[in-house]
Amino acid sequence: MSKLKPEYYQNTDAIFLAQDLLGKILFTRKNGEVTAGIITETEAYFGTEDKASHAYGGRRSSRTEAMYQPGGFSYVYLCYGIHHLFNIVVSKEDDPKSVLVRSVEPYKGLEIIRKRRNMAVTDKAVSSGPGSASKALGIDMSFNKKSLTGDEIWIEDSGLLYGSEDITSTPRVGVAYAQEHALLPLRFYLKNNRYISKNK
DNA sequence: TAGTTGATTCACT
DNA sequence: GTGAATCAACTAC
């Protein structure tokens with residue numbers, strides 16, 4: 001197992017990274033407690049041309065500022081006032097592409113995850129869906145704009161390799177307002193894994 | 001300065 | 001299957 005290097009995230013192809021990140025392991029350290037989950041579902045957001053992205057048209061604000069960082073940083077966004085959505089910023093500085101982590105499979109610190117979620121880790125809902133996955137790993141606004149190569153939050157290569165036959169792509173979820181971009185197959189997940197958010 | 005809305009989840013019927 | 005929770009950013013005055 002090895003921590004992914006900054007160069008990995010500098011790839012300008014967000015769609016490739018969204019697929020490649022499947023099967024890798026996301027770690028967080030909070031209050032000295034380490035938890036981790038295998039990434040089982042992602043979505044690609046390809047920047048200023050993507051109507052579903054917060055950075056569409058080059059919009060820039062205190063919220064989207066995180067996406068303009070160089071690849072290898074985190075972007076945590078509070079949605080519906082309740083849910084923390086965790087994004088991996090990719091590409092170069094000022095090129096706001098990102099990969100949204102939609103769900104993970106509990107991997108480490110299961111008891112901590114259970115307490116955070118107040119449900120059994122064997123329950124599929126414990127980490128399926130962007131809000132749940134973030135909560136399971138203890139991700140909140142304090143993880144916004146963190147380097148993914150530091151020691152608070154990082155990603156390791158599990159060594160598990162998934163071929164294209166293990167990956168399924170579908171249209172993204174919950175972005176119908178993005179018009180024609182809502183239909184692009186930019187959502188990716190591992191086949192035969194129970195820890196994915198429900199199809200829509 | 002005020003009104004609208006969303007990259008959602010959970011509890012309830 | 002339906003609806004509430006809840007707030008920062010966006011849009012319009």
Side-chain angles (χ1 to χ4, degrees), chain A residues 9 14-15 17-19 21-22 26 37 39-69 71 73-91 95-106 113-146 148 153 155 168-190 194-200:
Chain A
Y9 302 104
I15 296 171
L17 283 174
Q19 296 174 77
L21 281 164
L22 292 173
L26 174 63
I39 297 172
T40 54
E41 184 178 353
T42 61
E43 273 182 21
Y45 286 84
F46 56 90
T48 57
E49 301 301 309
D50 185 353
K51 288 186 179 176
S53 171
H54 293 156
Y56 172 64
R59 282 199 305 254
R60 200 161 178 153
S61 68
S62 57
R63 177 176 72 162
T64 59
E65 190 62 32
M67 272 202 285
Y68 289 84
Q69 297 172 112
F73 279 80
S74 60
Y75 169 39
V76 179
Y77 157 62
L78 183 64
C79 185
Y80 294 95
I82 300 177
H83 305 291
H84 297 284
L85 305 200
F86 172 67
N87 296 255
I88 298 161
V89 177
V90 300
S91 191
D95 187 19
K97 292 178 176 143
S98 65
V99 175
L100 168 68
V101 175
R102 290 191 56 84
S103 59
V104 300
E105 175 181 339
I113 290 173
R114 192 192 68 73
K115 279 164 70 175
R116 280 183 187 141
R117 299 284 295 136
N118 195 29
M119 63 172 75
V121 289
T122 50
D123 189 329
K124 161 180 183 305
V126 76
S127 59
S128 305
S132 301
S134 298
K135 193 171 180 189
L137 296 180
I139 294 171
D140 56 28
M141 291 310 288
S142 70
F143 282 92
N144 194 24
K145 293 184 168 182
K146 293 285 186 189
L148 296 176
I153 180 165
I155 297 174
T168 300
S169 63
T170 65
R172 291 178 291 190
V173 178
V175 292
Y177 64 91
Q179 299 168 34
E180 71 272 20
H181 291 162
L183 300 176
L184 298 174
L186 297 179
R187 170 172 174 243
F188 305 98
Y189 59 85
L190 295 177
R194 45 198 302 272
Y195 294 99
I196 59 172
S197 62
K198 85 176 174 194
N199 265 317
K200 208 173 181 186

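Residue numbers begin at 1 in each chain, while the letters A, B, ... track the order of the sequences.
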Show your reasoning for whether side-chain contact (heavy atoms from CB on, under 4.5 Å) applies to A:Leu148 and A:Ser74. CA-CA 7 Å; A:Leu148 296 176; A:Ser74 60; 4.1 Å; yes
Check the pair A:His54, A:Tyr77 against ring pair (Phe, Tyr, Trp, His ring centres under 6.0 Å), reporting the backbone distance first and the verdict last. CA-CA 10 Å; A:His54 293 156; A:Tyr77 157 62; 4.5 Å; yes
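The distance from atom CZ of A:Arg63 to atom P of B:dG6 is 12 Å, rounded to the nearest whole Å. Here C:dT6 presents its C1' atom at 14 Å from CE of A:Met141, a figure rounded to the nearest Å. In this structure, A:Asp140 atom CG and C:dT6 atom P are separated by 17 Å, rounded to whole Å. Atoms CG (A:Asn144) and C1' (C:dA8) sit 12 Å apart, rounded to a whole Å. In this structure, the CG atom of A:Leu78 is 16 Å from the C1' atom of C:dC10, given to the nearest Å. The interatomic distance linking A:Arg59 (CZ) with C:dC10 (C1') rounds to 8 Å, in whole Å. Atom OH in A:Tyr80 sits roughly 13 Å away from atom C1' in C:dG3 (whole-Å rounding). Between A:His84 atom NE2 and B:dT8 atom P there is a gap of 15 Å when expressed in whole angstrom units.
More than 12 heavy atoms of other residues, nucleotides or ligands lie within 6.0 Å of CD in A:Glu65, so this atom counts as buried by the packing criterion.
A side-chain contact (heavy atoms from CB on, under 4.5 Å) with A:Phe188 is found for one member of A:Leu22, A:Thr40, A:Leu21 and no other, namely A:Leu22.
Across all strands, A:Arg60 comes closer than 4.0 Å to no nucleic acid atom at all (heavy-atom distances).
The nucleotide whose nearest atom lies closest to any side-chain atom of A:Ile82 is, among B:dT8, C:dA5, C:dC10, C:dA5. Residue A:Leu85 has its side chain nearest to B:dT8 when only C:dA5, B:dC10, B:dT8 are considered. Among the nucleotides C:dA9, B:dT8, B:dC10, the one closest to any side-chain atom of A:Ser61 is C:dA9. Nearest to the side chain of A:Cys79, among B:dT8, B:dC10, C:dA9, sits B:dT8.
OP1 or OP2 of C:dA9 lies within a sub-4.0 Å distance of a side-chain N or O belonging to A:Ser62.
Relative to the six-membered ring of A:Tyr68, A:Arg60 meets both conditions, a distance below 6.0 Å and an angle of at most 45° to the axis. Both the sub-6.0 Å distance and the 45° axial angle are satisfied by A:Arg172 relative to the ring of A:Tyr45.
Secondary-structure stems of DNA chain C, taken as three or more successive Watson-Crick or G-U wobble pairs (i with j, i+1 with j-1) under a 3.5 Å distance threshold, comprise B:1-6 with C:7-12, B:8-12 with C:1-5.
No side-chain donor-acceptor contact under 3.5 Å links A:Glu105 and A:Ser127.
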